[in-house]
Amino acid sequence: MDLGIKNRVALIMASSSGLGKSIARRFLMEGATVMMASRNEEMLNRAVQELTDDTSVTPYYTVCDITKGEQIKNLIRSTTEKLGPISILVNNAGGPPAGTFDTFDDEAWQKAFELNLLSYIRTTREVLPFMKVQKWGRIVNSTSSSVKQVIENLILSNTLRLGVIGLTKTLSQELAPYNILINAIGPGRFDTQRIRQLDQALAVKRGVSADEISREAMNQIPLGRYGHPDEYARLAVFLCSEANSYITGQTILADGGMVKAVL
């Protein structure tokens, strides 16, 4: 299937590792012009080299701390000056710390807000003028399966991710006249460093091994395993393509059937 995104400029946030890096790889394979962004230049350099080796195409990259509004503005400015107008945005961010309600003070809540909600608002605000002029745009907001079923020991994520869903649904209505489609994906348990860290944090809280937590989690997934990051990436790229012409304002879980809630 021709996804119709060859040479379109795709900005992938938090893409030096994990799901973000896999999304960048898949966009390169589909012929898009990819700008990767992360706050860690060393990790970005390694990711760029890895993706170049994998795809024979070299992505661009910019160092950007997504909790800093001015850095986001500079990222969008430099991307458009170098590559042209942005057509595709994948909002992505590392998760906030694990813990229960009593664990966190105002500062922790503020940091989680800036990381997991305000950063999405800021990047979207900056790219929309380019998409509106083109009368074409695709935005994917990466969230968590917790938007459908909360996850133990993750109160910060459980709370802030729902704000992204409200943002996504509202913007889908405002942006439809411009042929800009925006959706959210809620990943379940994928084989990434973030999930390994969460398994370890929960293991410490319960006084068991991380392997025990992983086995318990896999037993709750009908497919019986953690997802591969490329499985997530393929969904993200489809939603950001010409092949998707009628799906907007939706929250799609990629979780191997883990979430049982009907919402």
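One N or O on the side chain of Ser15 and one on the backbone of Ala37 form a donor-acceptor pair closer than 3.5 Å. The backbone N or O of Met258 sits less than 3.5 Å from a side-chain atom of Lys260, completing a donor-acceptor pair. Proximity of a side-chain donor or acceptor of Gln149 to a complementary backbone N or O of Val259 within less than 3.5 Å is not detected. Ser22 places no side-chain N or O within donor-acceptor distance of the main-chain N or O of Leu19, the cut-off being under 3.5 Å. In this structure, the side chain of Thr248 engages the main chain of Ile182 through a donor-acceptor pair within 3.5 Å. Side-chain N or O atoms of Thr143 include one that pairs as donor or acceptor with a backbone N or O of Ile185 at under 3.5 Å. At distances below 3.5 Å, not a single donor-acceptor pair connects side-chain atoms of Asn74 with backbone N or O atoms of Arg77. Of the possible donor and acceptor atoms, none in the side chain of Arg138 sits under 3.5 Å from a partner among the backbone N and O of Ile88. A donor-acceptor pair under 3.5 Å links the side-chain atoms of Tyr120 to the main chain of Ser142, judged by distance alone. A donor-acceptor pair is defined here as one N or O able to donate and one able to accept, closer than 3.5 Å; such a pair exists between the side chain of Asn183 and the backbone of Gln250.
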TODO: Show your working on side chain to side chain contact (heavy atoms under 4.5 Å, CB included) between Ile23 and Asn92 and close with a plain yes or no.
DONE: CA-CA 10 Å; Ile23 293 169; Asn92 183 42; 5.8 Å; no
TODO: Would you please test Arg122 and Glu126 for salt bridge (Lys or Arg N to Asp or Glu O under 4.0 Å) and show each step?
DONE: CA-CA 6 Å; Arg122 285 169 166 166; Glu126 295 299 321; over 6 Å; no
Open item on the list: Could you go through Asn179 and Met131, starting from their C-alpha distance and side-chain angles, then the distance that decides it, and tell me whether this counts as side chain to side chain contact (heavy atoms under 4.5 Å, CB included)?
Closed with: CA-CA 9 Å; Asn179 191 32; Met131 294 181 177; over 6 Å; no
TODO: Please lay out, stage by stage, how Leu44 and Asn40 fare under the test side chain to side chain contact (heavy atoms under 4.5 Å, CB included).
DONE: CA-CA 6 Å; Leu44 270 173; Asn40 188 315; over 6 Å; no
- [ ] Any chance you could lay out the side chain to side chain contact (heavy atoms under 4.5 Å, CB included) test for Ile139 and Leu171, step after step, and finish with the verdict?
- [x] CA-CA 10 Å; Ile139 301 172; Leu171 281 179; 5.9 Å; no
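Between Cys240 and Phe27, the closest heavy-atom pair is CB-CZ, 3.7 Å. When all heavy atoms of Ala233 and Arg26 are compared, the closest pair comes out as CB-CB, 4.0 Å. Across all non-hydrogen atoms, the minimal contact from Ile195 to Phe190 is CG1-O, 3.0 Å. Here the closest heavy-atom approach between residue Leu198 and residue Ala98 is recorded as CD2-CB, 4.2 Å. When all heavy atoms are compared, the tightest approach of Ala254 to Tyr232 is CB-CD1, 4.2 Å.
Side-chain atoms of Thr124 and Asn91 form a donor-acceptor pair, as typed in the model, at a separation below 3.5 Å. Remark: the Glu114 side chain and the Gln110 side chain contain an N/O donor-acceptor pair separated by less than 3.5 Å. Under 3.5 Å, the side chains of Asp53 and Gln49 contain a donor-acceptor pair of N or O atoms. Side chain to side chain, Gln134 and Ser87 meet the donor-acceptor criterion of an N or O pair below 3.5 Å.
Salt bridge present: Lys111 and Glu107 bring a charged side-chain N and a carboxylate O closer than 4.0 Å. Between Arg206 and Glu212 there is no salt bridge, since no side-chain nitrogen of the basic residue lies less than 4.0 Å from a carboxylate oxygen of the acidic one.
When the side chains of ILVMFWY residues are joined at heavy-atom separations under 4.5 Å, either directly or via intervening members, Val140 and Phe130 end up in two distinct hydrophobic clusters. Residues Ile155 and Ile165 do not share a hydrophobic cluster, defined by chaining ILVMFWY side chains whose heavy atoms lie under 4.5 Å apart. Note on Ile86: it does not cluster hydrophobically with Val63, by side-chain heavy-atom contacts below 4.5 Å among ILVMFWY residues.
Residue Ile213 is found in a hydrophobic cluster whose other members, listed by chain and number, are Leu202, Val208; membership requires side-chain heavy atoms under 4.5 Å apart, directly or through intermediates.
Contacts of Gln200 classified as side-chain contact (heavy atoms from CB on, under 4.5 Å), with partners at least two apart in sequence or in another chain: Val204, Ala210.
With rounding to the nearest 0.5 angstrom, the CD1 atom of Ile151 is 4.0 Å from the OG atom of Ser145.
The one candidate from Thr159, Asn153, Leu154 that meets the side chain to side chain contact (heavy atoms under 4.5 Å, CB included) condition with Ser157 is Leu154.
The local environment of CZ in Arg39 is sparse, with at most 12 non-hydrogen atoms from other residues, nucleotides or ligands closer than 6.0 Å.
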